[in-house]
Undergrad: 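What follows is a single structure, and I will ask about it in a moment.
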Amino acid sequence: MQVERRTLLRKLVCSLRGRMRMKTVTIKQLLSFSVLAFVVSILPAKSYAELPVPAHITPPVGEHESPVVPQPIEFPHDRHVKDMKINCMYCHTYARRSKVAGIPPTSKCMGCHKVIATDKPRIQKLTEYWEKGESPKWLKVHDVPDYVHFTHEKHIRKFVFDAKFPVEDVQQVCGLCHGEVQGMTVAEKKKPLNMGFCQRCHEANGGPGDCWACHK
Amino acid sequence: MSQVIEDKVIDEKLEWSRINADVIASMQAPRKAYWVTVFVCLTMFLCAIAAEIYQYKMGLGSAGLNNPHMWDMYIATFVFWIGMSHAGTLLSAILHIIHAQWRKPIYRFAEAMTTFSLMTAGFFPMIHLGRVWNLYWVLPYVSDRGIWPNFRSPLVWDAFAISTYLSSSALFLFIGMIPDMAILRDHTTGWRKKLYGILCLGWRGDDRQWRNFRRTYMLLACFLIPLAISVHSIVSSDFAMSIMPGWHVTTFPPYFVAGALYSGCAAIMTLFVCLRYFFRMEEYMTLNIMEKTCKLTFAIAMVWTYLNLIEFSSTWYGHNIYDKEVLIAKATGPYAAVFWTMIFCGCVVPFTLCFQKLRRHMPSMFVVSILLNLGMYVERWMIVAPTLAQAHSPHQWDVLWGSVIQWAIVFGSFGWFGLLFLVFVKLFPCVSMYEVKELCFHLKHEIEEEEKAKKHATTKAAGKAEEGSGRTAPGTPGLEGA
Amino acid sequence: MSVKVNRRKFLKMLGWGGAGTALTGCDLPTTVTLEEGKEEVVSYLMPEEYAIPGIGVWYASTCTQCEAGCGLHGRVREGRVLKVEGNPDSPVNHGKSCMMGQSTVQAHYNPDRITSPMMRKGSTLQAVSWDEAMSALTSKIGPDSGVKGDRVGMVTGTVSGHQAVIIDELLAQVGSKNHYVHEVINTSVWSSVCRDMLGDEMPKLNFDKAGVILSFGADFLGTWISPVHNMGEYAKFRKGARGSLIQVEPKMTLTGGNADLWVPAKPGTEGALALGIANFILERGWNAVDVPSSVGKSLSQYTLTAVEKVTGVPVSKIKRIASMLTERGPSLVIAGASTENHENGYDAVASVMLLNLVMGNIGKTIEASAKFPEKALRAKQGNTKDLLLLAKALKDNKLDVLFTYNTNPAFTAPAVLQVSESLSGVGFKVAFSMFPDETTLQADLVLPIHSGMEDWGTHVPAYQPDTSSVLSLQQPLMEPIHKETRGFGDIMLSLLKLRNKDFGKFADYYSYLQTAVANMPADVTSNVEGASKDIWTNMLQKGIVKAKVSTNDLSPKLVDMKFKVKQDNSGYPMHLVPSARLGLWDGRHANIPWLQEFPDQIAKVVWGSWAELHPKKAAELGVKNGDYVRVTSASGSIETQVYIHKGIHPDAVSVPLGQGHDEFGRYAKGRGVNPLKILNPLMERRTGELATHATRVKVTNAHRHEKLVHLGGSESQVGRKFVKTISVDQLRRTEGEA
Amino acid sequence: MSFKNILENFSYYRRDAEDGGHHDYDHRFGMTIDLDICTGCNSCSTACYAENNLAVVGKERFEKGQAMHWMRVERYWDNIEGDYAEEGAKFLPMLCQNCGAATCEPVCPVAATYHTPDGLNAQVYNRCIGSRYCSNNCPFRVRYFNFWSYYEDSWPEPLNMQLNPDLTVRDKGVMEKCTFCVQRIRTAKDKAQREERVMADGDVVTACAQACPTGAIVFGDTMDPGSRVSKLWEKHQIHRGPFLQKKDKTNEEIRGYRIFDELSVDPSIMYLERVRDTEV
């Protein structure tokens, strides 16, 4: 049943998005969606959070399953986060300044990997890119529809800086929407990141309820 | 001859078995004209499908809509079909409650018409919607996004009203058919037998079933009448709730209801003539019934005309300059021709119904009813278009006649309706057998009373006869079917 | 922001792979799929200051859409310029911008840009590599090509700043003096009159100081000298003492549309009207400055009645205008296209200028302008005289090599001049061009240049609206979109290197500019404002640098006034008014979709040409809106739809400039008609300019109708209160003298 | 928001229903357009196209009346006695008036258009189903419907690189209209929040107001008494609220007015009458 429901959820999310990107929708999608919408609406949502949830945040509820995205380099988040204990915002440095967290510039990777683990194949691949003078073409994993206005900056400010939350544990905050990255190699989408997901969190944590706060 | 004989709507000597035979025959061997009509309707419908597919792919621009004319014939047609649906309710429900016997041979197809015109109307909001695949957003369903439709919007009311009306009128139609289903089950073979067998829900025609049946039928009728009124009032509020000149009119709800009944009756006349011809129903759909229908239509036509006058004069003597402009523009502006067509067809043509000769002459009645229908369609269009053409902002004034796509879809809707209807009458009895039997039974009884009265012509006896005619007859003719 | 690194690198555009892929953090609103793992995200190779994905940064530059030289700010995000706005620091436009300025981005991102060098092989132009192109160039005009002297010509639009310098340098190296500077929309007659009568060819006009402005066909809100600046001044003029604007012209321009009084004088008779007014004023002794009796004598023939007969302006109006000028002074009298572009245009403008002298406006509303100290950098203003010269030179096969840059003579020249035909006579034609316009496609070698948002340059506005003179910097707002385009300066520089070793030390135009700016005379560099004293950095930040210069007062000088109206009894009863409009300008912007879609301010017609007629005339011809008419002159005819309104003189038919391109990309090609084509080759007698408004035509009904595509259903408000007009005294009563 | 919520706060929602708009405003953005110094030059319109990703529809569709100009400059020829338009033409920049009691809001079946706490008349594109009732019910006719899918036609490569990422490109079947450049408002608010201050006048300028060469358009928060806009509204005796303006008798000719005030829609844009020197 659980699996059933996951796939249902996923289908729903897709068709949700399929529709929302304002492209015409095939009749089939249309029917399947209306059925799914009903099914999902009556299913109780189950919350889970293996990460310690910061005390001041009511975690958003929802889960998502999707295949692992094949990246040009299989970047091991687990290694960097779990083992090396590198702070999220060390690499994703724009998160606190801009609406996007940003992929770290290749120079940043090379900063360490000129010397560290240069024998590893993945690093060698990275070095190739660096020498060619171009940055790898990563594939976007966490994506919101084009008509959604989401800023990392505001969320980080509210939940980390304003809340005086220890920045070294920032991963707990990021994890609420990005899942336990310390458990993954390349990033996987673990949360639906659909409107319901955001909505519930906004209600629980006093985020804006105005449509135009997030829709553009 | 006396009153009863005078306007008896059907020949009371009809054998009940013959009624069965005739009706069943009608369902098996109609005239050629039937098949021709079916074909025509089918082609019209297919054209519409093609047009709709194109429009769905390209966007509503292909319908020729533009900034002032955000709505056009789609909405007009929608209102027209909704209106049409009211006749069935009127004929079967209202007349049923007031015991108008003459409705019995014709109410069946009137009800069918109701259901099918509603089904046709239902399409138009979808055709006209920019992103039809989101149609369900107007329904209040529980979603994890926690957003609801806007309950203040007349369009949401429409959604409720139409779905309710459609379902209940369909139910009404079906319930009314159950005894006939039983008859058919017993008189047909093959797949038809199976079909009717299922549909008659094990009707045996015993007293209990008849009692429940009559109660249910009456109940539904009572429920349907206010519903029908409310539905068209809500449709009218699509316009009345806006601030647009020519739409923001207090008398719109009654006006729309009257118009609805009007167009419905006109439609009934048309179909009456057709069916009478297609299925050789001369004996059942008699001229007397036609006469009565015509009289009813005439009455409603006058009501409608009156309401028109009220609307015009209240605008004319009111001080809302925008309303006045629109009214004047209607009569003199680019749409003047259409407007006067509406006035002619809606207010003048009905007077032909005053002449008995014409009333009893089927071809001319056919023409007249078509004209009335036309008038009623144009009326709807004259509500939508001129207002948009000359609303508040002169900078955005524009005249629009719709594009090919739009016309195709509108015509196609008639094809679709025709198709549904014709298939129905081929599949199910367009004349309610058991009620016709009732009718004959009562008539016979009355006439016997007449005879008696004649024999010993005393005022007392005569008085008895009159009284007797009022009394409902004993016996349950439905049993004969079983 | 302080800028140290090389801007090119700085402006590096993040990976852009066409539709489907998006930029880092740039939710480019395409309809990209939302399944995860479909969009590509590319990061910077090196982290760069100020370039935070998702945050727009504004950089200063200069607008190149017309000659006014407004300062711009461009919003750059993820290395792409998204929108331009006016540069508040620029004294030209004070942070404002016109529709053409706003459309710079569409010129820049235009889908019809030339993306690689092209060379004529046989009859067709074929794409070639830069090496091939440059070698061809070298062989044709390099030092050992033997090409020398006046056989080399260069046609450009108005140029200024260091582009002008290197053009001069190149021509000097070659030893040619043939620099044809051509603009259809120009003020050269006005300038020459100002030079002769005031001693300053671009005097500073204080609209804001004027109590009443009398404009003889000068569309200063639309197309005259520096529109955006003028509009700002106009606002002050309206707001302050609430001055009144009187516009005299045959066809209502944007300025006419905003006038308090719009006076349609018979085309070509404006001079007479001006003199009539002057005469009346002198008679009444209203003149602020007394004039020599000789002038008074020569004026005396222009009696009110005589003038009314000539101009068709009723005496009462002339009187009223005259009294307005005196009562509401200080006044400002100016003259523009429809007055100066006649065979006697000079006299007309001179007569207009006389009014200024008589009313004593010199020094009040007309002041000496601040000339930029470095003469070489000053604007070389375009005119139509050079067009005629060019046409002549081409006809007589005087040119072997011809460079074209930023101009399109094949389109703007009247057909009778046969410019495009005789272009083929030139041995080697080189076009520096962004777009495949008529001239470019006739060239033998087409060199695709950077857009205004990719190239370096400096501009010195011809009209200096401030007490201090301004030099405005044009700097790239983003990395070139097309790999194969090059900067105009860079190409010129590489040509110069062939002949002059001094230029060898400059890697590219950028470094040349940097050095050149740094070595500017002291009176420029000394008064650099802003935190850092380094002029270059300062210019990069502010986009402009001001040079405080001392201006000497104007020296008014009366010239002898004799304005004769030319009698024309040829079979052409009507006057053709080729009206310029803010938007398509002279046709150079016809390939910008926005500007095609925006309605003409007066006629509100879009995506095409039209002929404006007065209702009377229309009734005579029996045409209504949308009907086609044929406009025939001695040298050709055009056919277009009519738009009828009361803003035009019955004897005039006005066809707007801009349309009628045979080439020039998908948006412009084959759209409308070009009135310039049917102009007669008439010359202004004193200046030798092309008299664009002197052509006589006849208009006939072509008996063809099409719906006129224009904005707006009803032309009247039908009693609604949309635009309500009140009179000045009402205003005074309610708000007082503001 | 849930159904329970609706039931509990019914009175609140009802109150909204009665006189439209919002009740606890943070801002009420408004505009003043001075028709006296507006020259009708189209700069505002162009700036709007550049800022808001407006589609270029081309000649044929323009002819059909399907143009998408959120900001259109209307030109009227009116009461012209005599042969010539001596008074010149009358120009009127017309854009969404962001009415306080907007007639478009109550009729939208899916509440895609609603009133924000900023006093804006919002249009949520991805919620819109395209019933077009809102536009029908708009007396100003300033709502524009995507009758076609414009993306490919209007922005052929590389024109689409100019598209503003701060707002979507609307696809066919969606209603759109002037938003008072909400993306700019959003950015300005975020900035103010980041700098821990309240928004000051001039923090946010709409594209049209920014471009206007004569400065005829003034944009600001009518709830902030210090802002230029509210000063102007004060001066010209225009007050918020869906009712006909009562002007003081001493000078009833004050220039400020709101179009269709008699319809009680409470427009957020005050126009200043055009002044012409009739003595001339």
Side-chain angles (χ1 to χ4, degrees), chain C residues 18 26-29 31 80 82-83 85 96-99 102-103 105 109 111 221 228 231-232 234-235 238 244 246 254 256-262 264 320 324 481 582 593-594 597-598 601-602 604 606-607 645-647 707 709 712 715-717 721-728 730-731 734, chain D residues 35-37 39-43 45-47 49-51 53 56 59 62-63 72 74-78 80 83-90 92 151 156-165 167-169 171 210-215 251 253-255 257 259 273-280:
Chain C
C26 163
D27 34 5
L28 179 89
T31 48
R80 282 167 25 252
L82 299 173
K83 185 174 185 298
E85 289 178 359
K96 300 306 187 177
S97 52
C98 69
M99 57 197 296
Q102 290 283 349
S103 315
V105 281
Y109 288 121
L221 296 179
V228 181
M231 282 199 251
Y234 167 82
R238 283 297 198 197
S244 324
I246 307 170
L254 181 55
N258 287 285
D260 299 82
L261 176 64
W262 182 78
R320 248 155 73 203
M324 286 291 291
I481 341 168
L582 184 65
W594 285 346
E597 181 114 342
F598 294 137
Q601 290 86 352
I602 297 296
K604 289 291 170 195
V606 297
W607 289 102
H645 66 112
K646 288 185 169 180
K707 189 177 172 201
V709 184
E715 302 242 299
S716 140
Q717 304 177 45
K721 188 183 176 184
F722 277 101
V723 187
K724 183 151 180 285
T725 309
I726 62 171
S727 70
V728 174
Q730 278 176 320
L731 173 73
T734 53
Chain D
L35 298 180
D36 185 28
I37 56 175
T39 62
C41 69
N42 274 347
S43 300
S45 185
T46 325
Y49 268 66
E51 174 73 19
N53 303 341
V56 170
K59 186 172 187 175
F62 201 106
E63 177 179 0
R72 60 170 191 253
E74 303 179 354
R75 189 264 298 109
Y76 293 107
W77 301 115
D78 255 330
I80 300 174
D83 288 346
Y84 303 118
E86 293 191 335
E87 251 203 359
K90 297 191 172 75
L92 175 78
Y151 184 71
E157 295 279 335
L159 261 181
N160 54 3
M161 289 169 85
Q162 184 269 331
L163 290 169
N164 185 352
L167 68 161
T168 37
V169 172
D171 204 339
Q210 195 287 329
C212 179
T214 56
N251 49 5
E253 283 149 343
I254 270 198
R255 277 164 72 214
Y257 67 98
I259 295 176
E273 283 155 0
R274 169 175 175 272
V275 184
R276 283 301 172 255
D277 194 336
T278 44
E279 294 157 29
V280 184

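As the structure is a computational prediction, the values presented were derived from the model and not from experiment. Naming convention: chains lettered A, B, ... in sequence-line order (proteins, then strands); numbering from 1 in each chain.
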Undergrad: Could you work out, with side-chain hydrogen bond (donor to acceptor under 3.5 Å, both in side chains) as the rule, every residue matching C/Glu597, not counting sequence neighbours?
TA: C/Trp607

Undergrad: Among C/Ala235, C/Ser103, C/Gly232, C/Gly256, which residue has the highest count of heavy-atom pairs closer than 4.5 Å to chain D?
TA: C/Ala235

Undergrad: Which one of C/Asn258, C/Val709, C/Ile602, C/Leu582 has the most heavy-atom pairs closer than 4.5 Å to chain D?
TA: C/Asn258

Undergrad: Would you check if there is a donor-acceptor pair between the side chains of C/Ser244 and C/Asp260 at a distance under 3.5 Å?
TA: no

Undergrad: Based on non-hydrogen pairs under 4.5 Å, which of C/Gly647, C/Ala259, C/Gly712 is most in contact with chain D?
TA: C/Ala259

Undergrad: Does a side-chain N-to-carboxylate-O contact under 4.0 Å join D/Arg75 and C/Glu715?
TA: yes

Undergrad: Among C/His645, C/Lys604, C/Lys707, who wins on heavy-atom pairs under 4.5 Å with chain D?
TA: C/Lys604

Undergrad: Any carboxylate oxygen within less than 4.0 angstrom of a Lys/Arg side-chain nitrogen, looking at D/Glu273 and C/Lys721?
TA: yes

Undergrad: With a 4.5 angstrom heavy-atom cut-off, could you sort out which part of C/Pro264 is near chain D: side chain, backbone, both or neither?
TA: side chain

Undergrad: As an exercise: rank D/Ala85, D/Pro156, D/Ser45 by heavy-atom pairs under 4.5 Å with chain C and give me the winner.
TA: D/Ala85

Undergrad: Report which part of C/Phe722 has an atom under 4.5 Å of a heavy atom belonging to chain D: side chain, backbone, both, or neither.
TA: both

Undergrad: Can you name the residues that form a salt bridge (charged side-chain N to carboxylate O under 4.0 Å, His left out) with D/Glu63, not counting sequence neighbours?
TA: none

Undergrad: Which value, rounded to the nearest 0.5 Å, describes the distance between D/Leu159 atom CG and C/Trp594 atom CH2?
TA: 8.5 Å

Undergrad: Quick one: closest heavy-atom pair of D/Gln210 and C/Lys96, and the distance?
TA: O-NZ, 3.3 Å

Undergrad: Looking only at heavy atoms and a cut-off of under 4.5 Å, which of D/Gly88, D/Pro213, D/Ala89 has the most pairs with chain C?
TA: D/Pro213

Undergrad: For D/Leu35, is it the side chain, the backbone, both, or neither that has a heavy atom closer than 4.5 Å to a heavy atom of chain C?
TA: side chain

Undergrad: Please look at C/Leu82 and chain D and tell me whether the side chain, the backbone, both or neither of the residue comes under 4.5 angstrom of a heavy atom of that chain.
TA: both

